[in-house]
Amino acid sequence: MPTIDPPLALLAELTHRCPLSCPYCSNPVELERASGELSGEEWRRVLREAAALGVLQVHFSGGEPMVRRDLGAMIAEAASLGLYSNLITSGTLGGEREITAFAEAGLRHVQLSVQDHEPSNADRIAGLAGAFERKMKFAAAVRAAGLPLTLNIVVHRQNLDGVAAMIDMAEALGARRVEIAHVQYYAWALENRAALLPSRAQLDAATRVVEAARERLKGVLAIDYVVPDYYGVRPKSCMNGWGRQFLNVMPSGTVVPCHAAETIPGIDFPSVRDASLADIWYRSDAFNRFRGTDWMPEPCRGCDRREIDWGGCRCQALALTGDAARTDPVCALSPDHAVIEAALGDANAAPPPLVYRQFR
Ligand code: SF4
Ligand code: FES
């Protein structure tokens with residue numbers, strides 16, 4: 001059994017409700033209804049347990065966390081516990097009044113999603129007319145409240161050619177950081193993979209733009225760039241390893257090591273309604289199932305990267321091979337790597353239409 005350190009961060013998924021309907025959403029295909037969500041008091045108890053467990057950061061997320069009217073009280077609770085709190089939002093609900101109140105309650109950082117630099121394409125991808133304009137106003141309100149701003153832009157074949165303008169937009173909005181992240185193909189995003197996966201040429205051109213901008217904007221704007229692992233030869237270290245640093249509490253109170261874990265059959269994910277976070281983190285089968293390296297099959301078991309990438313992503317292995325305990329197929333050493341090669345073939349064909357879902 002590996003040594004288990006306390007978790008670093010809690011992702012509090014307050015709700016699945018959201019005014020947007022992005023086709024790359026990585027939330028589950030089956031979403032939680034408002035009636036099944038944890039109450040504000042339950043969430044505040046979760047925050048107290050998290051702080052006692054050693055968690056340092058809480059990320060309020062969703063869906064859209066601002067649909068919860070009690071978000072301010074949760075931010076205040078996190079601040080009183082000494083937790084660093086970050087709001088991950090679409091910026092389409094509320095504005096200056098709300099963000100100023102959150103800052104006064106102790107919020108420390110805002111991460112705002114934007115779908116493109118070009119308003120009509122951004123609104124088309126978000127599935128909501130006028131969303132881009134609201135986001136621009138929201139970004140200004142965040143800066144006016146004195147909070148540091150990160151723009152989060154998910155990129156794919158339908159917006160990737162505008163990456164230079166996206167970086168200019170982040171700079172003009174006064175963001176300290178922009179995260180340009182290629183779609184990760186789980187859950188709803190996998191349904192749209194053929195419409196979203198860029199070609200190699202498109203990816204290489206965007207990567208060159210990002211590298212040049214990083215040089216030019218050193219000390220002004222930090223640029224995080226998450227490349228699509230389908231084009232790599234080794235997988236990403238998903239969540240920095242299962243049950244090593246992160247825990248997610250879902251809207252219903254179910255606790256998972258990553259946002260897609262509930263798709264894995266045969267694991268009974270515990271709830272904060274039935275067990276303490278400490279019990280769940282240290283002793284549950286769910287968190288111990290893929291912790292460390294004991295669970296690994298070959299080729300991971302004998303590989304010198306097994307404690308670097310931890311065998312890649314369990315949820316991706318499940319989605320692409322039907323078995324979460326296999327090596328992540330994006331690894332070129334995986335016996336299942338051919339499924340990735342086949343998907344890359346689709347990236348050169350004409351894209352099918354995007355498939356949207358609504359959950360408001
Ligand atoms: Fe990582 Fe396993 Fe591939 Fe080695 S074989 S690089 S541990 S996924
Ligand atoms: Fe679940 Fe990667 S998203 S392990």
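Order of appearance sets the numbers: ligands from 1, and atoms from 1 within every ligand. Note: hydrogens, waters and symmetry copies are ignored here, and every other heavy atom, side chains too, is used.
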Engineer: Can you give me the closest heavy-atom contact between A286 and D268, atom names plus distance?
Structural biologist: CB-O, 4.1 Å
Engineer: Quiz question: by atom type and distance under 3.5 Å, do the side chains of E118 and S120 form a donor-acceptor pair?
Structural biologist: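 Yes - a donor-acceptor pair under 3.5 Å links their side chains.
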Engineer: Are Y230 and H182 close enough that their ring centers fall under 6.0 Å?
Structural biologist: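 No: the rings miss the under 6.0 Å criterion.
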Engineer: Taking 2.8 Å as the limit, list every protein N, O or S atom around atom 3 (Fe) of ligand 1, by chain and residue number.
Structural biologist: C331 SG
Engineer: Kindly write out the residues that satisfy side-chain contact (heavy atoms from CB on, under 4.5 Å) with D204, not counting sequence neighbours, or none if the list is empty.
Structural biologist: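 For D204, the residues satisfying side-chain contact (heavy atoms from CB on, under 4.5 Å) (neighbours in sequence not counted) are R200, R208.
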Engineer: Do T15 and E37 pair up side chain to side chain, a donor and an acceptor below 3.5 Å, judged on atom types alone?
Structural biologist: yes
Engineer: At a heavy-atom distance under 4.0 Å, which protein residues reach ligand 2? Sort them by chain and number, would you?
Structural biologist: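 The answer is Y186, C238, C258, C313, R314, C315, counting any residue whose heavy atom sits under 4.0 Å from ligand 2.
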Engineer: Indicate every side-chain donor-acceptor pair of residues 78-89 with a distance under 3.5 Å to a residue at least two apart or in another chain.
Structural biologist:
residue: S80; atom: OG; partner: E77; partner atom: O; Å: 2.8
residue: N86; atom: OD1; partner: H109; partner atom: ND1; Å: 2.8
residue: N86; atom: ND2; partner: H59; partner atom: ND1; Å: 3.0
residue: N86; atom: ND2; partner: Q111; partner atom: OE1; Å: 3.1
residue: T89; atom: OG1; partner: E64; partner atom: OE1; Å: 3.0
residue: T89; atom: OG1; partner: E64; partner atom: OE2; Å: 3.0
residue: T89; atom: OG1; partner: G91; partner atom: N; Å: 2.9

Engineer: Before accepting this row, confirm whether a basic side-chain N of the pair K236/D309 lies closer than 4.0 Å to the acidic partner's carboxylate O.
Structural biologist: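 No, no charged N to carboxylate O under 4.0 Å.
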Engineer: Examine distances only and state if a side-chain atom of R244 and a backbone atom of N240 form a donor-acceptor pair shorter than 3.5 Å.
Structural biologist: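 Between the backbone of N240 and the side chain of R244 there is a qualifying donor-acceptor contact (under 3.5 Å).
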Engineer: Could you report the tightest heavy-atom contact between P19 and T92, atom names first, then the distance?
Structural biologist: CG-OG1, 3.3 Å
